[in-house]
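Counting from 1, the numbers follow the sequence of the chain as shown. These numbers were taken from a predicted model, which means no experiment stands behind them.
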Amino acid sequence: MPIPAPPRVLRAVGFDDAPFLRRRRGRVAVAGVVCAGTRFEGMVWGHVRQDGWNATDALAGMLVGGKFLDQLHLVLLDGLSFGGFNLVDLPELARRLARPCVAVMRRTPDVAAVRRAIGRLPFPDRRLALLARAGPVHPHPPFHFQVAGGDPEEIARALARLTDRGHVPEALRIAHLVGAAIRLGESGRRA
């Protein structure tokens, strides 16, 4: 599905995991917020296994067969990892959803620190392979992102259209706030 040019409305879903206790295995909640431009339109909810292997299946499962997928132009992720280091296979998610999938980051990741953290988990080579499959990080200030299924220049323009204030697209910002409020009883300051 092509990304519509302005003035047509661009619809995206943003996924973020809720806060969770580290070093404690179990399920981690994931909020998916659907926005038309920067306006909230709907939400999906699911879970991933902390430091597990089901993030790609869980995110796809929240959309496939549901009412929102046909309306969406973009799928936004708050980074590649959910629930610790349960990594999304970005190209596979884009293939399953037939939409560009974008892992948005606040800054370029510290690759050495990520490698060290992954090295402490089971099957580190498999996790590192998922990181490599996501492709290069594209710096388009204020955004840093990886993309599967879309052109980086077109995605950078789309992210700007989906951002109301700050450096985070509105769907991701709201997903972060909702996940924190449900898990902690109130939303945090940083979204």
Asks: First locate atom NE2 of His73, then atom CZ of Arg8, and finally report the distance between them rounded to the nearest 0.5 Å.
Replies: 5.5 Å
Asks: Should Met105 and Ile118 be regarded as members of a common hydrophobic cluster, given that ILVMFWY residues are connected when their side-chain heavy atoms come within less than 4.5 Å of each other, either directly or indirectly?
Replies: no
Asks: Rounded to the nearest 0.5 Å, how far does CG of Asn86 lie from CG of Asp51?
Replies: 7.5 Å
Asks: Looking only at heavy atoms, which two atoms of Cys35 and Ile174 are closest? And how far apart?
Replies: SG-CD1, 4.2 Å
Asks: Are Leu131 and Val111 connected in a single hydrophobic cluster, I mean Ile/Leu/Val/Met/Phe/Trp/Tyr linked by side-chain heavy atoms less than 4.5 Å apart?
Replies: no
Asks: Identify the heavy atoms of Ala12 and Ala171 that sit nearest to each other, and give their distance.
Replies: O-CB, 4.2 Å
Asks: Would you check if Val178 and Ile182 make a side-chain contact, meaning some heavy-atom pair closer than 4.5 Å?
Replies: yes
Asks: Where do Leu77 and Phe82 land on the side chain to side chain contact (heavy atoms under 4.5 Å, CB included) test, with the steps shown first?
Replies: CA-CA 9 Å; Leu77 314 176; Phe82 288 78; 4.1 Å; yes
Asks: List the steps and the verdict of salt bridge (Lys or Arg N to Asp or Glu O under 4.0 Å) for Arg106 and Asp78.
Replies: CA-CA 9 Å; Arg106 286 172 182 79; Asp78 186 29; 3.6 Å; yes
Asks: Between Val48 and Phe20, does a side chain to side chain contact (heavy atoms under 4.5 Å, CB included) hold up when you go through it step by step?
Replies: CA-CA 11 Å; Val48 297; Phe20 60 95; over 6 Å; no
Asks: Roughly how far apart are Glu170 CD and Phe40 CZ, rounded to 0.5 Å?
Replies: 11.0 Å
Asks: Give the intermediate values and the outcome of side chain to side chain contact (heavy atoms under 4.5 Å, CB included) for residues Val44 and Val34.
Replies: CA-CA 8 Å; Val44 294; Val34 177; 5.6 Å; no
Asks: Taking the side chain as every heavy atom from C-beta outward, state whether Leu59 and Val88 have any pair of such atoms under 4.5 Å apart.
Replies: yes
Asks: Is there a side-chain contact between Arg133 and Leu90, using heavy atoms and a 4.5 Å cut-off?
Replies: no
Asks: If you look at every heavy atom in Ser81 and Leu87, which pair is closest and at what distance?
Replies: CB-CD2, 3.5 Å
Asks: Side chains of Pro169 and Arg161: does their closest heavy-atom pair fall under 4.5 Å?
Replies: no
Asks: Say whether Leu128 and Leu93 are linked into one hydrophobic cluster, either directly or through other cluster members, by side-chain heavy-atom distances under 4.5 angstrom.
Replies: yes
Asks: Using the rule that two of Ile, Leu, Val, Met, Phe, Trp, Tyr join whenever any of their side-chain heavy atoms come within less than 4.5 Å, decide whether Val137 and Val147 are in one cluster.
Replies: no
Asks: Could you tell me how the ring of His138 sits relative to the ring of His140: parallel (under 30°), tilted (30 to 60°) or perpendicular (over 60°)?
Replies: tilted
Asks: If you look at every heavy atom in Asp70 and Arg99, which pair is closest and at what distance?
Replies: CA-NH2, 3.7 Å
Asks: Does Glu41 have any side chain to side chain donor-acceptor pair (under 3.5 Å) partners at least two apart in sequence or in another chain, and if so, which?
Replies: Arg11, Arg39
Asks: What's the separation between atom CZ in Phe68 and atom CE in Met43, rounded to the nearest 0.5 Å?
Replies: 10.0 Å
Asks: Kindly indicate whether the side chain of Leu177, heavy atoms from C-beta on, has any atom under 4.5 Å from the side chain of Asp16.
Replies: no
Asks: Would you check if the side chain of Arg127 reaches a backbone N or O of Gly119 as a donor-acceptor pair within less than 3.5 Å?
Replies: no
Asks: Which pair of non-hydrogen atoms, one from His144 and one from Thr108, has the smallest distance, and what is that distance?
Replies: CD2-OG1, 3.1 Å
Asks: With a 4.5 Å limit on heavy-atom distance, are the side chains of Gln50 and Leu21 in contact?
Replies: no
Asks: Rounded to the nearest 0.5 Å, what separates atom CG in Leu76 from atom CZ in Arg173?
Replies: 14.0 Å
Asks: Test side chain to side chain contact (heavy atoms under 4.5 Å, CB included) on Met62 and Val30; report intermediate values, then the result.
Replies: CA-CA 10 Å; Met62 285 187 251; Val30 176; 3.8 Å; yes
Asks: Are Leu97 and Val64 close enough that some pair of their side-chain heavy atoms sits under 4.5 Å apart?
Replies: yes
Asks: Within this structure, what is the CG-CZ distance for the pair Leu130 and Phe85, rounded to the nearest 0.5 Å?
Replies: 12.0 Å
Asks: Same cluster for Val9 and Leu74 if Ile/Leu/Val/Met/Phe/Trp/Tyr side chains link at under 4.5 Å?
Replies: no
Asks: Which atoms form the tightest heavy-atom contact between Asp17 and Gly83, and what is the distance?
Replies: OD2-N, 2.7 Å
Asks: Please identify which of these residues, Asp57, Asp89, Thr56, meets the side-chain hydrogen bond (donor to acceptor under 3.5 Å, both in side chains) condition with Arg96.
Replies: Asp57
Asks: So do Val104 and Val168 actually touch side chain to side chain, heavy atoms under 4.5 Å?
Replies: no
